Peer 1: 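First, the structure itself, so that you have it in front of you.
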Amino acid sequence: MKITHTKESRIKNVDFDNLSFGEIFTDHMFVCDYKDGVWNTPEIMPYQPIQMDPSSSVFHYGQAVFEGMKAYKDESNEVWLFRPDQNFERINKSSERLSMPTFPKELFFNGLEKLLSLDKEWIKKGTGNSLYIRPFVFASQAGVQASASNAYKFMIICSPVSSYYSSSEVHVQVAEKYSRAASGGVGFAKAAGNYAAQFYPTSLALKEGFQQIIWTDANTHEYLEEAGTMNIFFRINDTLVTTPTSDRILDGITRKSILRLSEHLGIKTDVRPITIHELLSAKKDGSLKEIFGAGTAVVVSPIKGFGYQNERYVLEDIEDSFAQKLKNHMVAIQTNAAEDPFGWRYPVNTTDSVSL
Ligand SMILES: *Cc1c(COP(=O)(O)O)cnc(C)c1O
């Protein structure tokens, strides 16, 4: 791997106490090109703009996928990833669906660890701090033929984040018209275009005073499937309910970890389809205790209320919240502050001196 160090780190210009999500990037980036059927030798270089032909396939047909993962620093400055093997497998699954070449495991992990070694000063310890890691792949071949590209770029960029504790409550609108994913489509993949298609319906929901949308199935708009870009959980009495994965559901690493952790903590889980009708009757009879979203960026995001057919429903405050309990436990595992009986934490070797 070719490594070019930045001449001067930009870290001194960064106000780590006032970070907004995903706006500032670290000193280096990882790049690997695919041409003539092979991935070439990867490179780490100073973070910088890349040059692209205007006819590049990605601009026209959106052939692109991505991942989102985080690195954490514990109290003794050790760096940890959380289940990175899962992100690795998923980006290749996404790539396959978009007819893109899979990326080799060794290149992924070597590149990631070298990049984190170089930019480890950007990972701050302390509650809520982490480094958001964004691996992505896109079609870079020049030419507007509507077919799978022959050239791709795999890149990894990193952005320091601090968890942003919003004091405002999250209210979500249940989708009655728009859909995020359809059967046979690409909803299970982290395909770039899935997100582009969400912006417009989400902007309409924002105008009506909601922060996010609960996506429903495209056929009937009855089954509750995801919350914005997160998986969704409902606490009915003392059971956590979440929908099964399918080709419409993103198989979230936070989701599956929460299911496993709940089992371990003695919280009952039920993986089954759940409809808006069941939600409404559970709200009515008082058995609906909590709703929350789950994803890497926030781990767990409590949802205070929802809107459906011009009615608004607000959940009562709850002591002994599962959302809070699960979030605290997940973060403790991620940051090496709690036992990890599942083997989820992955130590990053940052001492293996990346020579100048
Ligand atoms: C990324 C993502 C999630 C959450 O996945 P994690 O692996 O937990 O971060 C859920 N839903 C959608 C649509 C996503 O893109």
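It should be emphasised that the depicted structure is a prediction, and the values quoted were computed from it without experimental measurement. All ligand and atom numbering here is 1-based and tracks the order in the structure.
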Peer 1: Does the separation of the ring centres of Trp80 and Tyr72 fall below 6.0 angstrom?
Peer 2: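 No: the rings miss the under 6.0 Å criterion.
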
Peer 1: Between side-chain atoms of residues 37-50 and protein atoms elsewhere (two or more places apart, or another chain), which donor-acceptor pairs fall under 3.5 Å?
Peer 2:
from: Trp39; atom 1: NE1; to: Thr102; atom 2: O; distance (Å): 2.8
from: Gln48; atom 1: NE2; to: Pro46; atom 2: O; distance (Å): 2.8

Peer 1: Would you please indicate yes or no on a ring centroid separation below 6.0 angstrom for Tyr132 and Phe21?
Peer 2: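 Here the rings of Tyr132 and Phe21 have centres that are less than 6.0 Å from each other.
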
Peer 1: Of Phe138, Tyr195, Phe154, which meets ring pair (Phe, Tyr, Trp, His ring centres under 6.0 Å) against Phe66?
Peer 2: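 The passing option is Tyr195.
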
Peer 1: I'd like to know whether NZ of Lys120 has more than 12 heavy-atom contacts from other residues, nucleotides or ligands below 6.0 angstrom.
Peer 2: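 Yes, enclosed.
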
Peer 1: Which word best sums up how the rings of Phe88 and Phe109 line up, parallel for under 30°, tilted for 30 to 60°, or perpendicular for over 60°?
Peer 2: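 Aromatic pair Phe88/Phe109 classed tilted.
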
Peer 1: For ligand 1, give me the residues whose heavy-atom distance to it is below 4.0 Å, by chain and number please.
Peer 2: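 Answer by chain and number: Arg90, Arg180, Lys190, Tyr195, Glu226, Thr229, Met230, Asn231, Leu250, Gly252, Ile253, Thr254, Gly295, Thr296.
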
